[in-house]
Amino acid sequence: GAAVPDARYRPVIHYSPANGFMNDPNGLILADGIYHLYYQHNPGAPVSGNVHWGHATSRDLIHWQEQALALFPDARGQAFSGAMVWDGANTSGLFPDGQGGMAALFTRAGPGRQVQELAHVQTQSPRLALYKGNPVLDEQSASFRDPKVFWHDPIQRWVMVVAHARRHEIGFYHSTNLRDWRHTGSFGHAGLLGLDYECPDLVELPVEGGSSRWVLFLSINPGAPTGGSTVQYFVGHFDGLGFTAQDQATRLLDAGQDFYALQTFANTPGRVLGMAWMNNWLYCNATPAHPARGAMTLPRELSLRRRDDHWHIVQRLPDLSPWAAEAGQELSWHDATSGTLACQSWSDLHALEITASGRLSPDSRLRIRLTNRQGECLEAGLDNGSYPGFYLDRSNVRGFEHPFWNHKAIIQVLHTPLPHFDCQIVIDQSSIELLGMQGENAATFLHFFKYPPEQLSVQLENGHWQDGKLRIRPIG
Ligand code: FRU
């Protein structure tokens with residue numbers, strides 16, 4: 001049935017606009033100590049369409065201030081996804097003499113035609129000023145979108161990656177001035193195809209212990225093995241012209257159903273930070289509104305790990321200590337046996353962060369459950385059977401149902417037997433994010449309780465939990 005707006009679902013530490021609909025993060029950039037988050041936004045109604053660029057700013061990546069709208073639909077089409085760059089040397093000539101500034105490349109999506117346009121941030125107005133010579137890139141295509149642009153020092157040029165969505169191809173383009181673009185390479189027909197390739201992003205990720213590797217992130221929708229929208233990535237080489245994957249593997253960034261359109265921040269030297277839209281095109285127009293629909297994930301710092309001759313993306317959440325509302329509970333033990341190890345009451349004012357580590361005996365199960373008297377239960381856990389795995393389970397949370405709403409996410413831990421484990425879980429008013437095994441495993445889910453959640457409990461079933469550490473604290 002039609003969802004009734006309910007303020008209880010508004011996230012506490014995740015960005016969501018005051019009203020309307022939000023999807024992809026766009027134009028992520030750090031400039032003058034301020035993080036900018038632009039995003040796909042329908043300001044008029046909590047349903048997709050009528051696409052503008054909304055805008056929010058933050059100094060800490062946790063507290064966001066909503067700003068005025070930045071890009072608008074016009075006679076040529078809607079303002080689809082894109083990226084922001086710091087044009088410090090004024091290569092574009094869009095800024096006053098001797099000054100640099102922020103410039104956006106984005107898709108203007110008209111009926112039957114998608115082209116790339118250029119705009120820049122003006123000092124006097126929140127609105128981005130459109131370049132007079134738009135479009136800057138037109139391949140006469142109806143599905144050509146989501147440019148991500150970066151400056152590549154070795155060739156002294158801007159590089160654009162952009163999706164030929166239906167053709168399942170990523171195009172690479174060069175420019176010296178952000179206005180004239182030349183095609184230099186293609187990558188495609190790789191990994192999961194789905195109906196459309198969307199939102200490519202190419203970044204050089206630091207490898208733990210030194211060196212770096214290029215990673216191409218690529219969103220597909222629909223067609224994910226997890227149902228609908230998902231983000232895959234390829235590890236490989238970028239020679240300045242195009243990208244080559246170094247193996248045939250398809251890797252997913254997140255095992256949950258609500259993680260899409262990842263984009264990384266521009267202008268954060270030495271660090272790669274990304275954010276994704278915490279939703280799925282299969283049901284994003286039907287989830288309960290608060291009254292807005294759509295939220296971003298927490299920012300995640302990205303790197304690569306080489307383990308057992310394989311590449312793994314490592315994701316880390318920011319240290320939430322500065323926003324801990326109370327000390328919470330901090331427990332540790334040498335050996336705990338089956339039973340309830342901790343309880344914490346839930347508050348609508350806070351998110352909860354749970355961190356746990358230690359060694360679990362074979363066939364034991366760690367269960368972290370958020371429940372209420374009406375019998376609803378949101379669960380995260382680690383099952384140490386013969387194929388150990390983290391899981392999320394929202395099957396007993398009853399505020400939203402949809403035929404494509406998957407109830408469980410499973411991330412198999414690909415080490416056997418399970419060594420020392422660790423995980424960090426953040427539960428906000430309508431989301432749960434789990435990172436495990438030093439950031440190698442990730443799963444993100446939305447959840448909508450019908451009745452208010454009341455209590456979080458941590459239980460061990462069927463075995464021992466040794467060298468245990470457990471911390472539960474309210475955040476926000
Ligand atoms: C991805 C996407 C992009 C497009 C935008 C439209 O979620 O479909 O391909 O630019 O959303 O809002």
Side-chain angles (χ1 to χ4, degrees), residues 17 20-28 37-55 69-74 76-84 104-117 119 135 137 139 141-149 160-171 188 192-201 217-224 226-232 253-254 257-264 274-285 287 292-297 444 446:
F21 183 88
M22 178 178 78
N23 53 293
D24 314 357
N26 295 155
L28 301 180
L37 159 62
Y38 295 86
Y39 49 88
Q40 294 287 281
H41 187 38
N42 179 357
V47 289
S48 59
N50 179 34
V51 186
H52 295 58
W53 272 31
H55 183 202
L69 295 168
L71 281 173
F72 295 73
D74 67 17
R76 293 190 304 271
Q78 307 181 70
F80 271 21
S81 281
M84 194 69 82
L105 276 305
F106 68 100
T107 300
R108 182 66 71 184
R113 182 67 68 90
Q114 297 186 341
V115 297
Q116 315 321 318
E117 293 197 358
L137 182 55
E139 299 276 40
S141 168
S143 72
F144 179 46
R145 61 180 180 269
D146 309 340
K148 180 74 172 25
V149 177
M160 179 195 290
V161 289
V162 52
H164 281 284
R166 243 353 103 90
R167 260 166 44 194
H168 302 119
E169 214 170 273
I170 301 305
L192 296 164
L193 305 180
L195 179 64
D196 283 336
Y197 271 8
E198 299 184 325
C199 302
D201 195 346
F217 294 102
L218 184 51
S219 289
I220 62 149
N221 178 72
T226 44
S229 318
T230 200
V231 182
Q232 62 187 323
L253 197 51
D254 192 287
Q257 210 183 4
D258 300 303
F259 184 95
Y260 196 57
L262 174 93
Q263 188 178 101
T264 60
M275 276 176 116
W277 173 42
M278 207 156 40
N279 217 317
N280 190 308
W281 279 114
L282 293 182
Y283 45 69
C284 60
N285 282 301
T287 53
R293 275 205 184 97
M296 293 303 171
T297 63
T444 304
L446 294 174

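Computed from a prediction, not measured in an experiment: that's the story for all the values here. One-based numbering, in listed order, for ligands and for the atoms of each.
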- Item | Between Glu117 and Thr107: side-chain donor-acceptor atoms closer than 3.5 Å | no

- Item | Any N or O of Tyr260 closer than 3.5 Å to N or O of ligand 1 | no

- Query: Relative to the heavy atoms of Phe80, which atoms of ligand 1 are at a distance of less than 4.0 Å?
  - Reply: 4 (C), 6 (C), 10 (O)

- Item | Nearest-contact summary for atom 6 (C) of ligand 1 - protein heavy atom, Å | Gln40 OE1, 3.2 Å

- Test item: Gln40 side-chain N/O and Asn23 main-chain N/O as donor-acceptor pair under 3.5 Å: no

- How does Asn221 reach ligand 1, if at all, at less than 4.0 Å between non-hydrogen atoms: by side chain, backbone, both, or neither? neither

- Item | Flag for Ser81-Asn26: side-chain donor and acceptor within less than 3.5 Å | yes

- Note on the structure: A student checking ligand 1 against Glu198 at a 4.0 Å heavy-atom cut-off should list atoms 1 (C), 2 (C), 7 (O), 8 (O), 9 (O)

- In terms of ring plane angle, is the pair Tyr38 and His55 parallel, tilted or perpendicular, where the classes change at 30° and 60°? parallel

- Message: Closer than 3.5 angstrom, by distance alone: can the side chain of His168 be matched with the main-chain N or O of Ala163 as a donor-acceptor pair?
- Response: no

- Message: Between Gln263 and Cys199, does the side-chain contact (heavy atoms from CB on, under 4.5 Å) criterion hold? Intermediate values first, please.
- Response: CA-CA 8 Å; Gln263 188 178 101; Cys199 302; over 6 Å; no

- Task: Say whether Asp24 and ligand 1 are in contact under the criterion: heavy-atom distance to a ligand atom below 4.0 Å.
- Result: yes

- Message: Need the ligand 1 atom indices (1-based, order shown) with element for anything under 4.0 Å from a heavy-atom of Asp146.
- Response: 3 (C), 4 (C), 9 (O), 10 (O)

